[in-house]
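Read the structure below first, then the notes.
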Amino acid sequence: MIDALASAEHLAVVSDFDGTLAGFARNAYEVSPEQRSLDALAALAQLPNTTAAVLSGRHLEGLKQVCPLREPVLFGGSHGAESSWEDSVLTPEMEAHLAKKEAELKEIIARHPGAELEIKPFQRVLHLRALELQDPDAAAAAYAEGAALSADGFPKTEGKCVVEFSATQATKGTWIEALRQRVGATAVVFLGDDTTDEDGFAVLNQPPDLGVKVGEGDTQAALRVPDIWAVSDFLEELAAARAQHSA
């Protein structure tokens, strides 16, 4: 698989951030990305006919706070609703939806101290990782209440210790397809660990594309690696093979 990808006419390598390039932390802004993975993506971005990108559920500004990579590495935020190469805007309908979900989530948080609300440009997110560490039963109850809220015709995503309400139909899959068209990629690699990453795996044509699932769980990805350190191994091997092919 590495050899086939390395010889692609134009290779795009896209990685999720949390759980893929970095582990998790009680404070979402205290995570430490694996330096080997960062170095490999940076090296890939410098090669001819090669695109490297980080695609995250974090909003763009939040992603930049924890991920030190910069151009020519591209960024996608808010599960594909934001792109580092263009501005995105909310319609009045989208703003009204987010306001309603924010109010409903605040009611849940009031009933379950320790639950947290994240406000992103296109999403409102119920975060329960910190609460789960101190009271797993309370976290499970809060999660159930969040999952039971109506999406009102907009997307709702239930992930690891999070329930997210979005005001956009954009997904990691639509973002990857847009990137493919933008750069003319003939092969796309996407690495991710969470349920939201399945939207990205779903748009891949494997092969020549390749989905890489990090950790356990059902997946549409063709390859599975156990952890973030195995991600570093994969990215390093791919970067070395691509550099050799380019030379």
Side-chain angles (χ1 to χ4, degrees), residues 1-23 32-56 63 67-76 80 83-85 171-247:
M1 288 186 287
I2 292 286
D3 290 341
L5 292 167
S7 61
E9 182 178 347
H10 190 116
L11 176 64
V13 182
V14 184
S15 178
D16 175 41
F17 184 78
D18 295 286
T20 304
L21 298 181
S32 298
E34 285 297 304
Q35 190 61 49
R36 289 194 297 133
S37 292
L38 298 180
D39 291 344
L41 284 173
L44 283 162
Q46 296 293 337
L47 295 174
N49 301 313
T50 308
T51 300
V54 179
L55 174 59
S56 175
L63 179 58
C67 183
L69 294 172
R70 293 297 182 265
E71 291 186 358
V73 176
L74 302 177
F75 278 4
S83 300
S84 57
W85 59 81
T171 67
K172 289 183 177 180
T174 61
W175 192 91
I176 289 171
E177 287 291 80
L179 178 70
R180 187 198 300 272
Q181 295 298 319
R182 180 178 179 83
V183 303
T186 57
V188 176
V189 179
F190 177 52
L191 305 94
D193 73 305
D194 206 348
T195 53
T196 59
D197 298 314
E198 292 302 317
D199 292 327
F201 297 142
V203 303
L204 301 180
N205 182 21
Q206 305 179 81
D209 301 333
L210 177 65
V212 182
K213 167 73 173 182
V214 185
E216 300 178 352
D218 294 338
T219 186
Q220 300 172 76
L223 177 67
R224 187 189 302 272
V225 296
D227 49 40
I228 60 176
W229 299 282
V231 169
S232 295
D233 294 338
F234 174 86
L235 289 174
E236 285 184 333
E237 186 174 351
L238 179 58
R242 183 66 172 174
Q244 183 176 7
H245 175 80
S246 298

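Worth saying up front: this structure is predicted, and the values here are computed from it rather than measured.
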**Message:** Looking only at side-chain N and O atoms, does Thr51 offer a donor or acceptor that is under 3.5 Å from a partner on His10?
**Reply:**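 There is such a pair (donor and acceptor under 3.5 Å, judged by atom type) between the side chains of His10 and Thr51.
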
**Message:** Just by distance, no angles: are the side chains of Ser37 and Ser232 close enough, under 3.5 Å, to form a donor-acceptor pair?
**Reply:**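 Side-chain D/A pair, Ser37 to Ser232: present.
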
**Item:** Lys/Arg N to Asp/Glu carboxylate O, Asp16 vs Lys172, below 4.0 Å
**Value:** yes

**Prompt:** Quick one: are Glu34 and Val231 in side-chain contact, heavy atoms under 4.5 Å?
**Reply:**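 Glu34 does not reach Val231 side chain to side chain.
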
**Pairwise side-chain contact, Asn49 with Glu9, heavy-atom cut-off 4.5 Å (strictly under)** =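 Sidechains of Glu9 and Asn49: no contact.
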
**Request:** Take Arg224 and Thr219 through the test side chain to side chain donor-acceptor pair (under 3.5 Å) and record every step on the way to the result.
**Result:** CA-CA 9 Å; Arg224 187 189 302 272; Thr219 186; 5.8 Å; no

**Message:** If the condition is side-chain contact (heavy atoms from CB on, under 4.5 Å), which residues does Pro33 pass it with, not counting sequence neighbours?
**Reply:**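 Residues passing side-chain contact (heavy atoms from CB on, under 4.5 Å) with Pro33: Phe17, Ala22, Leu38, Pro68.
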
**Asked** If you look at every heavy atom in Ala40 and Ala239, which pair is closest and at what distance?
**Response** O-CB, 3.9 Å

**Item:** Closest contact, heavy atoms only, Leu179 versus Ala12
**Value:**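 Of all heavy-atom pairs spanning Leu179 and Ala12, the closest is CD2-CB, 4.5 Å.
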
**Item:** Asp39: side-chain hydrogen bond (donor to acceptor under 3.5 Å, both in side chains) partners, not counting sequence neighbours
**Value:** Gln35

**Fill in**
Exactly one of Ile2, Leu204, Val14, Leu11 clears side chain to side chain contact (heavy atoms under 4.5 Å, CB included) with Val189, and that residue is Leu11

**Message:** Check whether Asp209 reaches the backbone of Gln206 with its side chain - one donor and one acceptor, N or O, closer than 3.5 Å.
**Reply:** no

